[in-house]
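To keep things clear, I will list the structure first and then write my remarks on it.
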Amino acid sequence: MVQGDGRPPRGLIRHPTGNLLVNFIIALALGILASQSTIFGLLYVVYALGAFLPSLAIALRRLHDTGKSGWMLLISLIAIVGFIVLLVFLVGASMSTNAYGAAAED
């Protein structure tokens, strides 16, 4: 699932936003338990990487869908303004064929 090539179907883009609350609750619980035991700290790190990498790949593929380079993810490192600009890039759509391939089928 962690791929940076091609363009994502719409269902793949909606998937992580639907699980955002669930991911937050699990990460919060593991974070609290990590203060009690080292094993929970390890589980927290593994879970965080397991949730972060697919989200990163989906954001990269979404940028490709809008005709932008995946390197545009780095714009989010600029305080507040960078996140807003990245959000605008992710919301925009380019449904025609671009340098990253043909539009994905739903």
Side-chain angles (χ1 to χ4, degrees):
M1 175 154 174
V2 180
Q3 299 175 8
D5 59 338
R7 296 170 69 180
R10 291 281 175 208
L12 186 62
I13 295 168
R14 283 181 282 213
H15 173 70
T17 56
N19 291 329
L20 185 62
L21 181 61
V22 173
N23 284 335
F24 176 75
I25 291 171
I26 292 171
L28 181 65
L30 286 174
I32 292 170
L33 292 172
S35 65
Q36 305 298 320
S37 174
T38 311
I39 190 71
F40 287 113
L42 180 62
L43 285 174
Y44 176 78
V45 170
V46 169
Y47 182 79
L49 285 175
F52 174 71
L53 291 177
S55 298
L56 184 66
I58 291 169
L60 181 125
R61 291 179 71 192
R62 180 66 187 138
L63 282 171
H64 283 181
D65 188 40
T66 61
K68 309 261 186 309
S69 170
W71 288 104
M72 293 301 289
L73 282 173
L74 296 178
I75 202 166
S76 65
L77 297 177
I78 301 171
I80 300 173
V81 176
F83 177 73
I84 294 170
V85 171
L86 180 64
L87 188 62
V88 169
F89 287 161
L90 291 173
V91 171
S94 171
M95 292 308 194
S96 61
T97 301
N98 62 22
Y100 300 101
E105 298 292 325
D106 282 332

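The first residue of the sequence shown is numbered 1, and numbering continues consecutively from there.
In this structure, the separation between OH on Y44 and CD1 on I26 is 12.0 Å, given to the nearest 0.5 Å.
Connection of L53 to L74 is not established within any shared hydrophobic cluster, with ILVMFWY side chains joined at heavy-atom distances below 4.5 Å, either directly or through further cluster members. Neither L73 nor W71 shares a network with the other; the hydrophobic side chains, linked directly or stepwise wherever heavy atoms of I, L, V, M, F, W or Y lie under 4.5 Å apart, form separate groups for each. No single ILVMFWY cluster, assembled from side-chain heavy atoms under 4.5 Å apart, contains both M72 and I84. Taken together through direct or relayed side-chain contacts under 4.5 Å among Ile, Leu, Val, Met, Phe, Trp and Tyr, L77 and I75 form parts of separate hydrophobic clusters.
Summarising the local packing, CD1 of I80 is surrounded by 12 or fewer heavy atoms from other residues, nucleotides or ligands at distances under 6.0 Å.
Closest approach of L43 to L30, counting heavy atoms only: O-CD1, 4.0 Å.
Shown here are the side-chain contact (heavy atoms from CB on, under 4.5 Å) partners of V45, two or more places apart in sequence or in another chain: L49.
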